[in-house]
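Step one of this worksheet: look at the structure below.
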Amino acid sequence: MIRKDKQPSMRAFFLGPKSENESWVRSEIQSILEEWFQYRQSLFPGDPEVISAKERRSIPFLQRREELSSHLSDLLNRLKGETPKFTPRYIGHMVSETSLPAIFGHFAALLHNPNNTSREVSRVTSELEEEAIAMLASMIGYDPNQAQGHFTSGGTIANFEAIWRARFRMDHWVSLALYLAEECGAHFDLIQASHMGWQRYYQLVKEHDVDEKVTRQYSIVGSNPFRTAARLNKYLDKPYEGPVVLVPGNKHFSWVKGTSVFGLGEDAFWTVPLNANGRVDRSALTEMISRAHSQNRPVMMVVTVAGTTETGEIDRVDRTDEILRDMQNNDGLDIWHHVDAAYGGFLCTMLGGEDENLFAPDCLKALKAIRRANSVTLDPHKLGYVPYSCGAFLTLDAENYRMPEYRAPYLERAHVGPEKWAMTLEGSRSAAGVTATWLSGRALGFNPNGMGRIIAATMHAARDAASYLYAQCNGFQILQPLDSNILCFSIAYEGEPLSSVNQRVEAIFDSFLESESFSISKTTLIPENYGALMQAHMDQTGGAIDCDHMVLLRCVFMNPFWAKEAVSNQLLPELAIELQRYSDVFDGL
Ligand SMILES: *Cc1c(COP(=O)(O)O)cnc(C)c1O
């Protein structure tokens, strides 16, 4: 039933569900502490001791310690009530066992507590951040010498970083064009201006010897949005409604938040319909770009998703890239492409190895096209097996990394100094995510022979589970395609209408919640976004879509231990029996 386990050595990188690597982990943690104690003891040897041996033996001191110990044991006890996410029985959400390099890296930095907001307080970890960003850049295929980026608290902020920059870029281009129209009588075309590209921009600045302090008065972001809009209106046949952001229907909710946070208004959020594979519909995308332009609404960015949160689907990043490139070549329109690879970015560790054939050819093309996008979101705290909170934002090059900092002279290339604080949305930033990712990159390697092997095993696990459950459970219907390691399914019989399937799926989910032997999750698809995919799923049994949503059971197979035969041989049958039982109970059998 289960394929041969090819990666026993990879289990050196995890504590193990039974703390199998305990003694080794104990000694590594011990050595981190040893280093830490000795480092303090050896630094500034002439300085006085602050906590004397006498004090340490005093009654009040000992009382305090005892109090703390008891509060700590309270805390430890309470934490044991936490959902156990390290076990292979946890297949609920995008979280699982964290890796040892990540834990060691995180813990080591925690003791030093650097703040990567500025090199003054993080002279080492700021450097490590550059190195870790270069590792992530290589992983997704960016040129590590050109790519820029930084760590964020997660994917949401990384997505915001992309909006921030795309808005900054478009705003610069429009302000310049507006200035030239008002001051030099140049022809003003809003769509051409919004997508002019930096090359044209620099050319115009040079030609007209423009000073950035002046164009700033024409900016929406750097000046007054209402005043600037009124100025723009003079060149438009109807009042300016602002740019739009085209986001596929499989998007994460962070995108809606983003349009609201950046003051674009939620009306700027345009949802691109999905095809029967749950991926961006190519013709819908081109149609929406033209529609936006015909309404004089520039397209601030187009987003694709590599590994959707709901179903793990991989958008055809390559096709969107082609569409945007064609527009650039044929119409001179430069549109920002952002890939939200918060979940799926680490799938790229499999690229170039023999396991890459686990991906369908179209997914492979999509993953290989991420490297052409303007910017990318990654979440090491998901498939990177790094503890929370750790996201990353990367751009193709320094030009795309430019930040809304008007201080930098326009004429210069991007101002990418050594300090990050001016270029990040967040202020103080922990270095723990940096060191966790850095050590993982060093020890595991973000390549097919390291992390790629672990992730390939999770892809196998999802496929093995799909075929086993299909064989064992009546009515088991897989949501196709299974692009990554997230398995969504329903239990539906021939000709059964969706409303009745939904009830069974909900009941099964509730039973899993109660039993606690496995943690699984559920997701709900709606026809506005997923109409074609829902139809394709119902076509498997020929049931009618008689309600406005589809509930699916969802298993995220990212736990690294499923690769072990003993685990899958025991747990898959258990899972199948449980699933069948809950389904039977619902059916009154
Ligand atoms: C998880 C996720 C996000 C948000 O990331 P957080 O780290 O939770 O802020 C964004 N996009 C996608 C596709 C995700 O899966």
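Remember, it's 1-based here, ligands and their atoms both numbered in the order they're listed.
The distance criterion of under 3.5 Å between nitrogen or oxygen atoms is not met by T308 with respect to ligand 1.
Note: Y385 and F13 fail the aromatic proximity criterion, with ring centroids not under 6.0 Å apart.
Between F557 and W562, the ring planes lie perpendicular to each other; the angle is over 60°, past the 30° to 60° tilted range.
Under the 4.0 Å criterion applied to side-chain N and carboxylate O atoms, K365 and E322 are not assigned as salt-bridge partners.
Every atom of ligand 1 with a heavy atom of T309 under 4.0 Å away is listed here by number and element: 12 (C), 13 (C), 14 (C), 15 (O). Which parts of ligand 1 touch D379 is read off a 4.0 Å heavy-atom cut-off, strictly below it: atoms 1 (C), 5 (O), 6 (P), 7 (O). Contact atoms of ligand 1 toward D340: 10 (C), 11 (N), 12 (C), 13 (C) (distance under 4.0 Å to a heavy atom of the residue). Taking every non-hydrogen atom of A342 and a distance limit under 4.0 Å, the qualifying atoms of ligand 1 come out as 2 (C), 3 (C), 10 (C), 11 (N), 12 (C), 14 (C). Every atom of ligand 1 is numbered from 1 in the order shown, and the set under 4.0 Å from a heavy atom of G154 is 7 (O), 9 (O). Near G155, meaning under 4.0 Å from one of its heavy atoms, ligand 1 places the atoms 4 (C), 5 (O), 6 (P), 7 (O), 9 (O).
The nearest heavy-atom contact from the protein to atom 4 (C) of ligand 1 is H252 CE1, 3.2 Å. Scanning the protein for heavy atoms near atom 1 (C) of ligand 1, the closest one is K382 NZ, 1.3 Å.
Taking the ring centre of Y142 as origin, the terminal cationic atom of R371 falls outside the region bounded by 6.0 Å and 45° from the ring axis. A cation-pi arrangement, defined by a distance under 6.0 Å to the six-membered ring centre and an angle within 45 degrees of its axis, is present between R165 and Y401.
Contacts of N159 with ligand 1, taken as heavy-atom pairs under 4.0 Å, involve the side chain alone. Contacts of T156 with ligand 1, taken as heavy-atom pairs under 4.0 Å, involve both backbone and side chain.
H337 pairs in a side-chain hydrogen bond (donor to acceptor under 3.5 Å, both in side chains) with only one of the listed residues (T304, N374, T320), which is T304. Checking each of T311, T308, D315, T271 against N250 for a side-chain hydrogen bond (donor to acceptor under 3.5 Å, both in side chains) leaves exactly one that passes, namely D315.
No donor-acceptor contact under 3.5 angstrom links the side chains of D355 and H460, judged on distance only.
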